[in-house]
Protein chains: 2
Amino acid sequence: MQNNFTAIEAYFERFIPLSDEDRKAIRSSFKEVRIKKRQFVVQPNFVAAHRNYVVNGAFRSYVVADEGQEHTIAFAIDDWWITDYNSYIFQKPATMFVVALEDSIVMQVDFEKEKELKALHHRFETFFRTIAERGLAFYQRRLISNLTQTAEERYNEFEFKYPQISQRVPQYALASFLGMTTEYLSKLRNQRTRKK
Amino acid sequence: MQNNFTAIEAYFERFIPLSDEDRKAIRSSFKEVRIKKRQFVVQPNFVAAHRNYVVNGAFRSYVVADEGQEHTIAFAIDDWWITDYNSYIFQKPATMFVVALEDSIVMQVDFEKEKELKALHHRFETFFRTIAERGLAFYQRRLISNLTQTAEERYNEFEFKYPQISQRVPQYALASFLGMTTEYLSKLRNQRTRKK
DNA sequence: AAAGGAAGTTGAACTAGTTCAACTTTTGTA
DNA sequence: TACAAAAGTTGAACTAGTTCAACTTCCTTT
């Protein structure tokens, strides 16, 4: 309702000013959807239909490797975006699952509506350019920490940077996000609490 | 000269149409620069001044970890872009080196000129949005292969996808791009040639 | 054309992180 | 409120990939 559009409009306003007309365009492009825990918003082999802004709740995206292990690619909690970008941007079948970890409220825009927004006004193009650039920088940093750090360092960094997320997501999801097994993360955690 | 602007204009035209006026804007925003082998275009602690389009030649970007090991983040050969995006986009000090692996010709745009281009015309904003989105999708795929594959699988995939690059870059750079030691890559290579 | 350094190779010893298996705790649902 | 399933823990055996060291080959520079 009103409230949830306020949240996404505030998000847009971090990067671009919004006229009344712009707000109207946003309200007609995005729709509010309630997603139950364990419900999927993206599934492999289907084109990712939406870009999802999480008003509140929590999601994770993951891929399933040949031998069946899950690898978490991203988390998204309040005020973050999530989708399978490779699928959404190119409108090709997804390779990821995106699932709700809690009952959540998201604002969804689909590819066509987004395209219309971008075409409608230079400012909207600027907005999507900005979030894409920030996403790119984010993934580049993430790759660096995967290449340069040990499992323990990655865990410590994550705890330090995202304490809210660390509390809120299941441990198996966090382990696979950090590129280690659940068993190993469990050992790291318990080593550490003992040291204190 | 003429030729090198033709290359970058052709690149723009993959994504947006260009008017004569647009071409003029590109010509006044980008400058052609010759970079000698081993010369740096980005260095840690300095803000990455440019986004570089490689007309011909080869570059790599890398970070140096605490213990001094180098980790290659990206390669760029003919018709690719390279910079430290986190530094360039946010105009913050770089953490990466970007160095020429061969004598190269690049077209450089700086942050302010790029900003003017984006402001000048909706189409330019669309262009930069498009390449940022593609970069994002690219890094997301790269992260997936780092999380899900073994060293050997990453090597095989790289050889298959980028045979030109594999031939052209030194082995220590490739090894660190793929997240393994030079020694291990050497062993993988020689195991394989023996099998044939 | 020679020399010195950088890049690549090989093998042996090692280790960070995995796998497997058995167990305990927590969570969801009837 | 109870019980089955999912999540997390712990230890022991293992392995993919690293480290170290000694050697060879290939480039640069003079």
Whole-Å distance separating the OH atom of A:Y184 from the C1' atom of D:dT15: 14 Å
If you take the centroid of each ring, where Trp contributes its six-membered ring, are A:W80 and A:F59 closer together than 6.0 Å? no
Starting at CG of B:L174 and ending at C1' of C:dA7, how long is that distance when rounded to a whole Å? 14 Å
Validation row, ring centre B:F158 to ring centre B:F177 under 6.0 Å: yes
Verify whether the ring centers belonging to B:Y53 and B:F30 lie closer than 6.0 Å. no
Does the Lys NZ or Arg CZ of A:K118 fall within the cation-pi geometry relative to A:F128 - under 6.0 Å from the ring centre and within 45° of the axis? yes
Output the rounded distance in Å from CG (B:L101) to P (D:dT28). 12 Å
Please tell me if A:K187 has a side-chain N or O lying less than 4.0 Å from either OP1 or OP2 of C:dT18. no
B:E183 side chain: which of D:dC20, D:dG17, C:dT19 is closest? D:dC20
Find the distance A:R38:CZ to D:dA5:P and express it as a whole number of Å. 15 Å
Does B:M180 or A:A173 map to a spot on DNA chain D nearer the 5' end, using the closest nucleotide for each? A:A173
Return the value, rounded to whole Å, for the distance between atom CG of B:L188 and atom P of C:dT9. 11 Å
Please verify the inter-ring angle class for A:F40 with A:Y62; under 30° counts as parallel, over 60° as perpendicular, anything in between as tilted. tilted
Of the nucleotides C:dT10, D:dT10, C:dG8, which has the atom closest to the B:N190 side chain? C:dT10
So A:Y172, base contact, sugar-phosphate only, or nothing? Heavy-atom distance under 4.0 Å. sugar-phosphate
Check the distance between D:dT18's P and B:E67's CD and give it to me in whole angstrom. 14 Å
Over how many whole Å does the gap from A:N146 atom CG to C:dG17 atom C1' extend? 14 Å
Checking contacts here: which listed nucleotide (C:dT18, D:dT9, C:dT10) is nearest the side-chain heavy atoms of A:Q171? D:dT9
Write down the distance between CG (B:L185) and P (D:dA16), rounded to a whole number of angstrom. 17 Å
Which listed nucleotide (C:dG28, D:dG8, C:dG17) is nearest to the side chain of A:P170? D:dG8
Residue-phosphate contact under 4.0 Å: A:T181 side-chain N/O, C:dT18 OP1/OP2: yes
